[in-house]
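Worksheet: the structure to be examined is printed underneath.
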Amino acid sequence: MSDGLNEYRTARVAEVLGDFRTLQYYIAAAPTHPDNMDDYYAEGWRVLRQCALDGQHILDCAADITVPQTSGGPEEQAKAELKQVYLDAYSRRHEAQKIYLRQAAAQRWIEWRESILMGGRPTSGNNHQLQSCDQQLRMELATISDETIYTELKTSDITMGRWTDEDPSIRSVQRWIRARRS
């Protein structure tokens, strides 16, 4: 017997995929190479390049198309398939948000670094400030956790009036992400 929620599931998948697509656009648009190639291996630029790779990976990784066969008829089968697609889209959006936040931190690092250097190069006179800039980046990156992202996305979805009754748990999202890292 169908629960009558497939329409909501379909709409929710479309919303989450739309969010993911927008995040992918921002991820792809972020810079990955500095104007001065002497800065290529600087901490923030390494983070930006890794984010670009991670963004491409989350886009390229295959969807899990193994859906259990149900005995409840076509509506129940559609429900099972929608739940699988829902988890896939939700997890991709989660991971893309994490990448986007890491990129934003690295881009702030670039701005801070440029304001310290003022068009010049690193010297012994600005080394301490640059080290502080690097430390600030590390601290920001450390605050970007699955739990924080999950809570922020959930809060945003609720604020926008989206249907969240069957959102995957954080553990399901983490399992999905771990399965695609190997």
Side-chain angles (χ1 to χ4, degrees), residues 9-34 39-66 82-114 130-182:
R9 291 180 188 105
T10 301
R12 182 70 172 130
V13 167
E15 291 168 345
V16 173
L17 283 173
D19 294 346
F20 174 67
R21 183 187 53 148
T22 299
L23 287 164
Q24 274 294 358
Y25 171 79
Y26 289 123
I27 290 167
T32 56
H33 293 80
D39 293 336
Y40 186 82
Y41 294 104
E43 197 156 352
W45 288 107
R46 286 194 319 261
V47 169
L48 283 169
R49 282 190 302 282
Q50 186 59 53
C51 287
L53 291 172
D54 293 344
Q56 189 61 50
H57 174 74
I58 201 67
L59 187 62
D60 291 344
C61 67
D64 182 3
I65 57 171
T66 57
L82 279 168
K83 283 187 165 194
Q84 187 65 33
V85 172
Y86 192 0
L87 173 61
D88 185 88
Y90 199 89
S91 300
R92 287 177 196 271
R93 178 184 74 158
H94 177 95
E95 190 67 4
Q97 180 70 15
K98 187 187 317 181
I99 295 164
Y100 175 74
L101 292 175
R102 293 181 73 232
Q103 278 184 324
Q107 288 177 312
R108 283 189 295 279
W109 171 89
I110 290 169
E111 291 171 12
W112 297 329
R113 184 175 167 87
E114 287 175 355
L130 292 173
Q131 287 176 349
S132 294
C133 184
D134 290 347
Q135 183 59 32
Q136 178 64 33
L137 173 61
R138 283 185 224 111
M139 288 178 6
E140 278 195 50
L141 293 174
T143 66
I144 301 170
S145 68
D146 284 331
E147 291 77 11
T148 303
I149 291 166
Y150 186 87
T151 301
E152 287 175 359
L153 288 172
K154 182 78 141 176
T155 301
S156 174
D157 287 339
I158 290 169
T159 301
M160 288 191 281
R162 292 177 167 181
W163 184 72
T164 60
D165 293 358
E166 291 187 356
D167 281 359
S169 70
I170 189 169
R171 299 296 169 239
S172 296
V173 170
Q174 289 171 325
R175 273 192 304 276
W176 186 96
I177 292 167
R178 272 193 309 273
R180 274 131 194 97
R181 284 198 178 132
S182 27

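Along the sequence shown, the residues carry numbers beginning at 1. Quick caveat: nothing in here was measured; it's all calculated off a predicted structure.
Interatomic distance, Glu140 CD to Arg102 CZ, rounded to the nearest 0.5 Å: 12.0 Å. Summarising the geometry, atom NZ belonging to Lys83 is positioned 16.0 Å from atom CG belonging to Asp88; distances are rounded to the nearest 0.5 Å. Atom OH of Tyr150 sits about 4.5 Å away from atom OH of Tyr90, to the nearest 0.5 Å. Here the straight-line distance linking atom CD of Gln97 with atom CD1 of Ile58 works out to 13.0 Å at 0.5 Å rounding. To the nearest 0.5 Å, atom CD1 of residue Ile177 and atom OG of residue Ser172 are 11.0 Å apart. In this structure, CG in Leu59 is found 5.0 Å from CZ in Phe20, a value given to the nearest 0.5 Å.
In plain terms, the two heavy atoms of Ala52 and Thr32 that are nearest each other are CB-CG2, 3.6 Å. The two atoms that bring Pro168 and Val173 nearest to each other are CB-CG2, 4.2 Å, heavy atoms only. Summarising the geometry of Gly55 relative to Ile27, their closest heavy-atom pair is CA-CG2, 4.0 Å, with the distance given to 0.1 Å. Between Val47 and Ala106 the shortest heavy-atom distance is CG1-CB, 3.9 Å. Between Ala30 and Gln103 the shortest heavy-atom distance is CB-NE2, 3.2 Å.
Within the 4.5 Å cutoff, side-chain heavy atoms of Glu43 are placed close to those of Arg138. The closest side-chain heavy-atom distance from Asp157 to Arg93 is below 4.5 Å. For the pair Lys154 and Ile158, the minimum side-chain heavy-atom distance is below 4.5 Å. Residues Leu82 and Glu166 fail the side-chain proximity criterion, which asks for heavy atoms closer than 4.5 Å. Residues Cys61 and His57 are in side-chain contact: their nearest non-hydrogen atoms beyond the backbone lie under 4.5 Å apart. When side chains are defined from C-beta on, Gln50 counts as touching Leu53, because their heavy atoms get closer than 4.5 Å.
Asp134 and Trp109 form a side-chain donor-acceptor contact under 3.5 Å, judged by distance and modelled atom types alone. Under 3.5 Å, the side chains of Gln24 and Arg21 contain no donor-acceptor pair of N or O atoms.
By the 4.0 Å N-to-carboxylate-O rule, Arg92 lies too far from Glu95 to be salt-bridged with it. Salt-bridge formation is detected for the pair Arg12/Glu15: a Lys NZ or Arg NE/NH1/NH2 atom is positioned less than 4.0 Å from an Asp or Glu carboxylate oxygen. Under a 4.0 Å N-O distance rule, the pair Asp39/Arg113 qualifies as a salt bridge.
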Trace of the side chain to side chain contact (heavy atoms under 4.5 Å, CB included) decision for Thr22 with Tyr26:
CA-CA 7 Å; Thr22 299; Tyr26 289 123; 3.5 Å; yes
Yes or no on side chain to side chain contact (heavy atoms under 4.5 Å, CB included) for Lys98 and Leu101, after CA distance, side-chain angles and deciding distance?
CA-CA 5 Å; Lys98 187 187 317 181; Leu101 292 175; 6.0 Å; no
Verdict with supporting geometry, Val16 and Val13, side chain to side chain contact (heavy atoms under 4.5 Å, CB included)
CA-CA 5 Å; Val16 173; Val13 167; 6.0 Å; no
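For the pair Thr151 (side chain) and Thr148 (backbone), a donor-acceptor distance under 3.5 Å is absent. Checked by atom type and distance alone, the side chain of His94 never pairs as donor or acceptor with a backbone atom of Ile170 at under 3.5 Å. In this structure, Ser156 contributes its side chain and Glu152 its backbone to no donor-acceptor pair below 3.5 Å. In terms of modelled atom types and a separation under 3.5 Å, the side chain of Arg46 and the main chain of Tyr41 share a donor-acceptor contact. Of the possible donor and acceptor atoms, one in the side chain of Arg180 sits under 3.5 Å from a partner among the backbone N and O of Trp176. Side-chain atoms of Thr164 never come within 3.5 Å of backbone atoms of Asp167 as a donor-acceptor pair (strictly under, hydrogens ignored).
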